[in-house]
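Chain naming here is simple, since letters A, B, ... match the order of the sequence lines and numbering starts at 1 in each. For the numbers below, each heavy atom of this structure counts, side chains included, while hydrogens, waters and symmetry mates do not.
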2 protein chains.
Amino acid sequence: MAIVCQKLPDACQHGLVPAPRRRATITSVAEAAGVATSTVSRAFSNPGRVNHVTREHVLAVAERLGYSPNPTAQALESGRTNTVALVVPDITNPYFSGVVKGAERAAAEARLTLVIGDAQENPVHEERLVRRLGAAVDGFVLTASRMPDEALQRASELNRIVLVNRASPGLTSVVADFASGTGQIVAHLASHGHRSFVFLGGPAESWSGARRWAGLHAAAAEHGLEATRFGPYTPTTASGPAAADAVLTTRATAVVAHNDVLAIGVLQRLAERGVRVPEQLSVVGFDDVFGADFCHPPLTTLAERTTEAGARAVEALAALTRPGATPTGEDAPVRVLPTQLVVRASSGPAPT
Amino acid sequence: MAIVCQKLPDACQHGLVPAPRRRATITSVAEAAGVATSTVSRAFSNPGRVNHVTREHVLAVAERLGYSPNPTAQALESGRTNTVALVVPDITNPYFSGVVKGAERAAAEARLTLVIGDAQENPVHEERLVRRLGAAVDGFVLTASRMPDEALQRASELNRIVLVNRASPGLTSVVADFASGTGQIVAHLASHGHRSFVFLGGPAESWSGARRWAGLHAAAAEHGLEATRFGPYTPTTASGPAAADAVLTTRATAVVAHNDVLAIGVLQRLAERGVRVPEQLSVVGFDDVFGADFCHPPLTTLAERTTEAGARAVEALAALTRPGATPTGEDAPVRVLPTQLVVRASSGPAPT
DNA sequence: CTGAAAGCGCTAACAA
DNA sequence: TTGTTAGCGCTTTCAG
């Protein structure tokens with residue numbers, strides 16, 4: 001059995017690799033159609049340079065054989081795959097849904113295939129993903145990348161990269177306006193008479209986490225509020241209890257969480273412990289994710305334009321892959337998207 | 001400038017395609033190391049058949065040059081990419097998060113790269129995705145596929161396919177035990193004195209939706225309940241108002257929604273209209289997604305082992321891709337995973 | 001243990 | 001307009 005498998009181009013490899021059926025190749029189509037492979041190739045990717053009736057014929061034969069060009073081979077030749085990868089830290093975090101949706105829409109418009117990779121909140125895994133996928137895609141959108149700047153620089157030498165909610169020297173990026181957003185949050189709290197708040201920090205590597213804290217800190221100083229930072233916490237509801245309990249050791253009247261998922265976990269814990277929100281403690285999140293509007297009480301949170309961010313990032317990436325595009329450089333644009341505070345029932349006047 | 005670009009293997013293509021930098025190839029490594037390309041190849045993928053010190057040397061040179069094998073080229077030769085695709089109808093639906101997580105874990109264990117595709121609730125888009133990615137991956141896990149059986153059969157001739165929450169003749173699949181699950185739901189309602197309920201159906205093409213209704217219908221007959229089906233509704237919270245309003249035209253004392261997201265939308269609408277849950281109306285969902293435990297009131301729902309489903313599916317796919325695997329056939333296994341009713345506050349005694 | 005050479009499926013000169 | 005030919009980067013016989 002195995003002995004037969006030597007170099008018989010077609011019959012072979014079947015018993016070994018259970019590839020369902022051998023796909024038709026450009027060669028088989030060319031033979032069946034009685035033309036050269038290059039004609040078949042042109043029929044598909046260069047319609048202008050082939051006789052109309054020849055083309056029809058080739059296409060008909062191809063259809064009959066169920067042929068469609070092998071993207072792997074096309075990619076090997078051209079170096080382009082028309083595929084871009086979107087990498088997110090944790091695909092189960094609903095925050096990234098919007099980014100994914102926007103990226104998909106933009107990819108479809110640019111006739112690009114989008115694949116999504118999950119970095120699993122792990123810089124090492126993220127870097128490996130980029131290495132692994134590097135030659136198989138035309139570029140990456142790295143969302144809230146946890147990779148250190150050096151790693152990003154290294155990766156950007158081999159790959160086209162666009163960042164979302166992360167900035168790094170020389171790299172194109174799309175970020176939310178955290179400066180304004182954190183200002184809105186602090187103004188909201190100040191207007192309600194709060195004098196101090198606790199910030200529940202997210203992962204240490206999180207660039208946006210750092211921006212959030214920096215913004216809150218600055219705005220707090222401006223408004224004469226006292227701001228304290230706790231954490232880091234893994235941004236999941238599971239971190240809620242520890243975070244909430246930590247807050248309750250202080251006399252802060254408000255708490256701002258790294259993101260909504262963490263805030264919701266905090267809310268759950270506070271309910272468990274009989275702390276009334278917002279009467280005793282105001283809670284504010286970031287992201288306005290699915291769930292923020294129906295948790296109890298509904299969460300005040302800073303909404304970002306995540307869909308737009310995903311779309312803009314893919315568009316920028318598509319532009320980078322087009323011939324004649326300027327590679328990254330000093331002038332790498334940072335696009336800032338507005339943010340908006342959505343006030344719901346989880347925040348209110350400070351207790352007197 | 002462009003004139004220079006003729007066939008100079010290296011200098012070319014730079015001005016045209018702004019690929020950040022030319023990646024090192026097996027040839028450049030071979031030259032730099034003073035060995036043949038085949039030796040480099042073996043150093044990487046056949047460590048046994050190369051002298052230990054030669055191998056070290058090659059690896060060192062490769063490292064210095066930043067070389068890593070081009071998966072596209074490897075794939076072209078071997079037909080294997082060590083990449084599998086997971087396709088979901090809508091990645092923003094939190095239900096699929098568990099499947100993704102499980103698939104990721106299993107893929108990592110099998111040393112496979114996982115890419116995720118979003119079919120956007122569209123059978124046509126789903127089929128196109130399979131076509132597009134077909135040659136670039138070793139196989140597919142199609143989750144809750146909306147493709148008709150014929151399309152699946154066709155696709156399975158060219159690709160290795162494993163289904164999750166969908167069955168189709170001859171295809172391997174992993175499904176939740178809806179028969180038991182729907183029985184649990186109906187028993188729960190019956191034990192609380194409900195005499196009739198409405199089922200809010202999901203997309204018409206949804207296989208699991210059909211199973212859910214079939215199970216509910218059968219169990220209702222068994223318990224002497226009256227079951228009515230409404231819909232189809234798009235399974236998003238946005239469909240909640242229409243669905244809830246429809247239910248309120250009936251005298252049903254309970255409503256079972258196609259999934260949690262829809263159920264949450266219903267809950268929101270009921271609150272808006274002043275209908276008390278569960279005093280006036282019990283609400284039950286499917287999936288136990290993120291949010292089901294903190295919506296108001298917390299949702300009674302049928303929990304599936306989504307993580308396990310994702311993992312099992314990828315394992316099955318990995319097994320299919322291993323040499324010697326039996327291609328699909330009559331005996332294609334259908335693996336049934338248990339389901340469990342999670343009773344929360346959204347369901348209770350029928351109003352008297 | 002290592003090298004030479006063929007070829008995976010496709011595209012892009014170049015000729016005809 | 002079409003065919004011929006030479007690779008893209010890699011793996012894999014087959015010799016040495």
Side-chain angles (χ1 to χ4, degrees), chain A residues 2-3 5-10 12-13 16-17 19 22-31 33-58 62 65 67-82 134-136, chain B residues 2-3 5-10 12-13 16-17 19 22-31 33-58 62 65 67-82 134-136:
Chain A
I3 299 171
C5 281
Q6 292 270 3
K7 211 65 202 187
L8 317 180
D10 221 282
C12 180
Q13 286 191 346
L16 305 175
V17 180
R22 195 160 193 84
R23 286 165 180 273
T25 72
I26 203 171
T27 313
S28 50
V29 173
E31 276 175 10
V35 299
T37 58
S38 46
T39 302
V40 178
S41 172
R42 284 187 281 255
F44 276 87
S45 41
N46 228 331
R49 282 202 284 237
V50 61
N51 182 300
H52 186 254
V53 355
T54 315
R55 172 152 194 265
E56 291 303 308
H57 175 225
V58 169
L65 266 45
Y67 167 81
S68 82
N70 182 332
T72 308
Q74 294 187 132
L76 181 56
E77 157 64 25
S78 66
R80 307 191 76 256
T81 60
N82 293 312
Chain B
I3 299 170
C5 283
Q6 292 271 2
K7 210 66 196 188
L8 318 179
D10 221 281
C12 181
Q13 287 193 344
L16 305 175
V17 181
R22 197 163 193 84
R23 287 165 179 272
T25 72
I26 203 172
T27 314
S28 51
V29 173
E31 276 175 10
V35 298
T37 58
S38 44
T39 302
V40 178
S41 172
R42 284 187 281 253
F44 276 88
S45 40
N46 229 331
R49 284 201 280 236
V50 62
N51 182 300
H52 188 252
V53 353
T54 314
R55 172 152 195 266
E56 291 303 309
H57 175 226
V58 169
L65 266 45
Y67 168 82
S68 83
N70 182 332
T72 307
Q74 294 187 133
L76 180 55
E77 159 64 24
S78 66
R80 306 191 75 255
T81 59
N82 293 313

**Item:** Under 3.5 Å donor-acceptor, S41(A) side chain and T37(A) backbone
**Value:**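 Pair absent, no side-chain N/O of S41(A) close to backbone of T37(A).
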Atom-pair distance ([atom1] on [X]; [atom2] on [N]), nearest Å:
X      : N       : atom1 : atom2 : value
N46(B) : dC10(D) : CG    : P     : 16 Å
R80(B) : dT11(D) : CZ    : P     : 13 Å
E77(A) : dC8(D)  : CD    : C1'   : 6 Å
H57(A) : dT2(D)  : NE2   : C1'   : 15 Å
N82(B) : dC10(D) : CG    : P     : 15 Å
I26(A) : dG7(D)  : CD1   : P     : 19 Å
E31(B) : dG9(D)  : CD    : C1'   : 13 Å
N70(B) : dG9(D)  : CG    : P     : 8 Å

**Asked** Closer to the 5' end of DNA chain C via nearest nucleotide, is it G48(B) or Y67(A)?
**Response**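 That would be G48(B).
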**Contacts of type side chain to side chain donor-acceptor pair (under 3.5 Å), residue T81(A), not counting sequence neighbours** =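 Side chain to side chain donor-acceptor pair (under 3.5 Å) check on T81(A) returns D138(A).
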**Message:** Is there a side-chain contact between V50(B) and T39(B) in this structure, where contact means two heavy atoms from C-beta onward sitting under 4.5 Å apart?
**Reply:**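 Answer yes - side chains close enough.
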**Item:** Any side-chain heavy-atom pair of V35(A) and V40(A) under 4.5 Å
**Value:**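 Yes, their side chains come closer than 4.5 Å.
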**Message:** Let's see if you can work this out: which of dG9(D), dG9(C), dT11(C) has an atom nearest to the side-chain heavy atoms of T25(B)?
**Reply:**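 Closest nucleotide to the T25(B) side chain: dG9(D).
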Please tabulate the protein-to-nucleotide N/O contacts below 3.5 Å involving nucleotides 2-5 of chain C, giving atom names and distances.
unit_1: dT2(C); atom_1: OP1; unit_2: T54(B); atom_2: OG1; d: 2.4
unit_1: dT2(C); atom_1: OP2; unit_2: N51(B); atom_2: N; d: 2.6
unit_1: dG3(C); atom_1: OP2; unit_2: A36(B); atom_2: N; d: 3.1
unit_1: dG3(C); atom_1: OP2; unit_2: T39(B); atom_2: OG1; d: 2.6
unit_1: dG3(C); atom_1: N7; unit_2: S38(B); atom_2: OG; d: 3.4
unit_1: dG3(C); atom_1: N7; unit_2: R42(B); atom_2: NH2; d: 2.8
unit_1: dG3(C); atom_1: O6; unit_2: R42(B); atom_2: NH1; d: 3.2
unit_1: dA4(C); atom_1: N6; unit_2: S38(B); atom_2: OG; d: 3.2

**Prompt:** Quick one: is dG9(D) close enough that its OP1 or OP2 comes under 4.0 Å of any side-chain N or O from S41(B)?
**Reply:**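 Result: no.
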**Message:** On the nucleotide dT11(C), are OP1 or OP2 found under 4.0 Å from the side-chain N or O atoms that Q74(A) carries?
**Reply:**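 Q74(A) to dT11(C) OP1/OP2: side-chain N or O found under 4.0 Å.
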**Request:** Measure the angle between the two terminal helix axes of the helix from dC1(C)-dG16(D) to dA16(C)-dT1(D), five base pairs each, and quote it to 10°.
**Result:**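 Here the helix ends are tilted 40° relative to one another.
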